[in-house]
Amino acid sequence: MTAPALRRSATHPFWQAVGILVIAYIVVVWVVPLLPGSAIVPKSVVLQYMVTVLVGVLIYVSDNEERWARFKEPIEAVLAEPRLRVVRAVLLVVVTALVGLVAYGQVATTVAAPPNLRSIHPAPPAEITFRGRSITLTGLENPLRAHPESLALYLAEGKGVYYRNCLPCHGDHLDGQGHFASGFNPLPANFQDNGTIAQLTESFVFWRVAKGGPGLPREGTPWNSAMPKWEDFLTEREIWSVILFLYDQTGWTPRTWEKTGTGDGGRGTGHD
Amino acid sequence: MIDGLLVLALLAPLVPRPPSLVPLQDTTKGKAVYVKWCAGCHGDGGAGDGPSAAHMLPRPRNFTGAIYKIRSTASGQLPTDADLMRAIDEGLPGSAMPAWKGRLSDGERRDVAGYIKTFSAFFADTSQHAAALKFSGEPGGGTGAAALKTGRQFYDSIGCRKCHGDQGRGDGPSAPTLKDDAGFPIFAADLHQSWRFRGGGSAADIYHRLRTGLDGTPMPSFSDLIDQKFLTDEQLWRLAQYVRSLSPPDPPEVRDVIHAPQIAGPAPVSPDDSAWARADRYWFPLVGQVVRKARWFAPAVTGVWVQALHDGHTLALRLSWDDRTQSPDSAWLGFEQRVLETVAGDDSGPPKAEPWPDQLAVQFPRRLPEGSGGMERPYFLMGSETDPVYQWRWTSRPRKSVAGLARGIERFDTLPGALAGQASFDHGEWRLVFTRALATPDTANEVQLEAGRAIPVAFFGWDGSSGEHGSRMAVSTWYFLALDRPTPPGVFISPVLAMLVTLGLGLVVVRRARRRGTARAGRQR
């Protein structure tokens, strides 16, 4: 295309509209996922965005009588001009084939895995039984933190517990990508992520470690979780020490119980 | 001079340099990184004896000996800084060593590489420093029949098959005798799983390993054979390309749903039936059973390939997996004992090696999940006392297949009636076909295989010669099996209708536009 022809197209409302739609598509499909914290935009959302953009474009081109007439020119030309017979035929065939393809995609069913909906942080019980002893979780803090002079010792102990037990799944970097992680679904928890231990009280973590997958309520899909019931392997102190290690190694601070006196005031903060 | 250095130092962060040229130096910072992220496996003193080491096979590297498997230098030489950086950055696939790139900063990784060199005096001695070998570029045509034939010829003539076996699955006659320099048992690599090669799975990576050898292991360097004119550099490349050709072009991708197409003929009962050539293969990774006592941290079966077909009445499920032995095999009893002694578990002492068979289990729920989106199913690890699972179990000796109910790992109750299973062993690969009627009379215990449903399925594998038995096994999570129905002709009605309507509307629009255009032209005239 020559430069003057290009300039003419750039100022033509029809080609402007096409350009805006193409740019919008590129932005939604390729640029948005690159933004930090974004993900790939689902197809249905892309369709919504594109319809919105299309409506905006139509409002703009139809706002002014002359612009509307110029906008329609190329469309009418393709539909009516005898010299554009080939373009017209190709367009008809392509549109028809596309409609057929989309319709087939809608009706041809294939079996997919059922949705795996689960509550990531289900509500914890107020109380658990640990090796026959009852422990009240509500308001419970990590008892090892009451001995700051021995913290280094507890941390070393927790590190040993982690590397002997947790490493194959939760990984060297505590990001849930250990060498066995790929074999499980759901994937092991990523402690580096701001959505796991960073959001939880240590008592919640204690419950999850002690009772594991089998101790999850139904909404936590206990049948899928490969998290062992660690009370079968570890003592209470070992669990508290490995929890210290998780927070120390990742740099997160545990969520604390709000001081709201007695009752259920501070229970379950953010555990949903 | 000092000014010049200062300017250079200030500019340094602005000038990108290849990582290999950046000096590995700050060992104080390196020590902090090492203690925090590496010592758990490699030990505070770098001897490869951190708290997790006893659960690993292969063991974490012992840095005090300065012997490294993955190098670009000649056999027996120290690795280059770039070699150390590569192991840290990319990790060692097939082992517990992760890729630290993206987990630690560039600076942290360089510092820690500098620090691990301080564990051995060899690195301080500059006379010991070695340069990378000059590697030639890969000759073209590496996937052609002639190249692979040449490669195969040298595979046989330079003795690869002694350890790696005739077909490359690590099942050669010397395999059960292999130990590394520290005396730990070591498996000859399964050359059909290039995605697990420690130094990378490309033909170039394989060529580099052939040139350098894997120091500290029985894998030698073959550079001297080039010097002795036993083979040319190009022929060594052909060998690398042949080895590469044994694995799939890309690492297998895990897909959630196994599709079993419906075929016209009867469902194949033999694993070597030609019908299997047309069925899609699905890969499922298996990992160690580390959930219940006694845990197992060194699973030998790393995954299964699964294919499924049905004929409307019978389902045929074909499983194939790599296994170095037809267990029990007395030649491997010593190796098995060494594995059990090396890999710590929950037992007070290492269990005694026994002539265990190989086993494979396929697991289903007893009934297809109903309600709540069809999500709920029994516990993935062999169900529970109250919610058992329905399993097909095969053992290599006695060679038999049974169906039954598992209530947790410890309890399996056989159901009456035989399960059809046919297995063959071929050069380190088991191929097994289970066949069963889609519908059975025992609807309470035996899953009814309905077409068009997502049927939960899971897999378990045991290699007897690696000491695997009972809870010492490789496990998978739940996946799904779907028996496809042939596409009913009715499906095509609505797309065809939609196309006709579109075409009709299009023609109407065109005709009206043309009529309008003619009318306008008439008016203007």
Side-chain angles (χ1 to χ4, degrees), chain A residues 75-76 79-82 88 91-92 95-97 99-104 106-118 159-165 167-169 171-173 175 177-185 212-214 218 221-229 232-233 249, chain B residues 36-38 40-41 50-52 55 95-96 98 100 103 254 256-257 259 285-288 290-293 297 346 369 373-381 384 452-454 475-480 482 484 487 491-492 494-499 502-503 506-507 509-510 513-514 516-518:
Chain A
I75 302 173
E76 281 171 348
L79 290 176
E81 288 273 351
R88 185 154 57 235
L91 208 65
L92 266 180
V95 169
T96 306
V99 166
L101 215 65
V102 171
Y104 180 74
Q106 296 284 327
V107 291
T109 50
T110 176
V111 180
N116 196 14
L117 306 170
R118 70 184 175 107
K159 183 174 186 175
V161 170
Y162 183 87
Y163 278 93
R164 273 189 294 273
N165 297 285
L167 180 90
C169 298
D172 296 73
H173 198 234
D175 55 5
Q177 294 183 34
H179 54 291
F180 287 170
S182 65
F184 297 119
N185 179 20
R218 258 189 91 254
T221 65
W223 48 86
N224 281 341
S225 170
M227 179 74 170
K229 195 175 147 207
D232 294 348
F233 296 88
Q249 187 83 341
Chain B
K36 181 160 186 177
W37 297 111
C38 314
C41 299
S52 71
H55 292 309
S95 82
W100 289 97
R103 293 187 160 114
V254 180
D256 281 348
V257 183
H259 285 278
L286 299 191
V287 297
V290 287
V291 180
R292 304 295 303 273
K293 280 180 185 171
F297 293 90
D346 293 318
M375 277 169 50
E376 197 159 350
R377 28 195 187 263
Y379 188 42
F380 81 101
L381 191 55
S384 63
R453 296 286 304 269
V475 308
S476 86
T477 185
W478 281 119
Y479 295 97
F480 298 93
D484 289 345
T487 312
V491 164
F492 296 103
S494 53
V496 167
L497 273 179
M499 285 168 74
T502 311
L503 192 64
L507 289 174
V509 168
V510 167
R514 292 183 66 177
R516 239 191 352 256
T518 324

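To find a chain, count down the sequence lines: A is the first, B the second, and so on, and within it residues start at 1.
The shortest heavy-atom contact between B:H259 and A:T110 is CE1-OG1, 3.4 Å. Residue A:P114 comes nearest to B:A454 through the heavy atom pair CD-CB, 3.9 Å, listed as atom of the first residue, atom of the second, then distance. In this structure, B:Y379 and A:P222 approach most closely via the heavy-atom pair CD1-O, 3.7 Å. Closest non-hydrogen pair, B:R377 versus A:W223, comes out as O-CB, 2.9 Å. A:F180 and B:V287 make their closest contact through O-CG1, 3.6 Å (heavy atoms, listed as atom of the first residue, atom of the second, distance). Of all heavy-atom pairs between B:R514 and A:L79, the closest is CG-O, 3.4 Å.
Heavy-atom distances place no part of A:A181 under 4.5 Å from chain B, backbone and side chain included. Using a 4.5 Å cut-off between heavy atoms, B:L381 makes no contact with chain A at all. For B:V257, the part lying under 4.5 angstrom from a heavy atom of chain A is the side chain only. Interface residue B:F297: backbone and side-chain heavy atoms are both found under 4.5 Å from chain A. Only the backbone of B:S95 comes within contact range of chain A, with at least one heavy atom under 4.5 Å from a heavy atom of that chain.
Counting heavy atoms from C-beta outward, A:N185 and B:F380 have side chains that stay 4.5 Å or more apart. At least one side-chain heavy atom of A:L167 sits under 4.5 Å from a side-chain heavy atom of B:C41.
Between chain A and the options B:A498, B:G452, B:G50, B:S52, heavy-atom pairs under 4.5 Å are most frequent for B:S52. Heavy-atom pairs under 4.5 Å with chain B peak, among A:D172, A:L92, A:V99, at A:D172. Ranked by non-hydrogen atom pairs under 4.5 Å with chain A, the options B:G288, B:G506, B:A513 are led by B:G288. When the candidates A:V161, A:L117, A:V111, A:L101 are compared by the number of heavy-atom contacts under 4.5 Å with chain B, A:V111 comes out ahead. Per-residue counts of heavy-atom pairs under 4.5 Å with chain A were compared for B:S384, B:P98, B:P285; the largest is that of B:P98.
For A:Q177, the side chain to side chain donor-acceptor pair (under 3.5 Å) criterion is met by B:R103, not counting sequence neighbours. For A:N165, the side chain to side chain donor-acceptor pair (under 3.5 Å) test picks out B:R295, with sequence neighbours left out.
Side-chain N or O atoms of A:Q249 include one that pairs as donor or acceptor with a backbone N or O of B:K36 at under 3.5 Å. Using modelled atom types, one side-chain atom of B:K293 and one backbone atom of A:D232 make a donor-acceptor pair closer than 3.5 Å.
The number of heavy-atom neighbours closer than 6.0 Å to CZ of B:R292, taken from other residues, nucleotides and ligands shown, is 12 or below.
Between B:W37 and A:H173, the ring-plane angle classifies as tilted under the 30° and 60° cut-offs.
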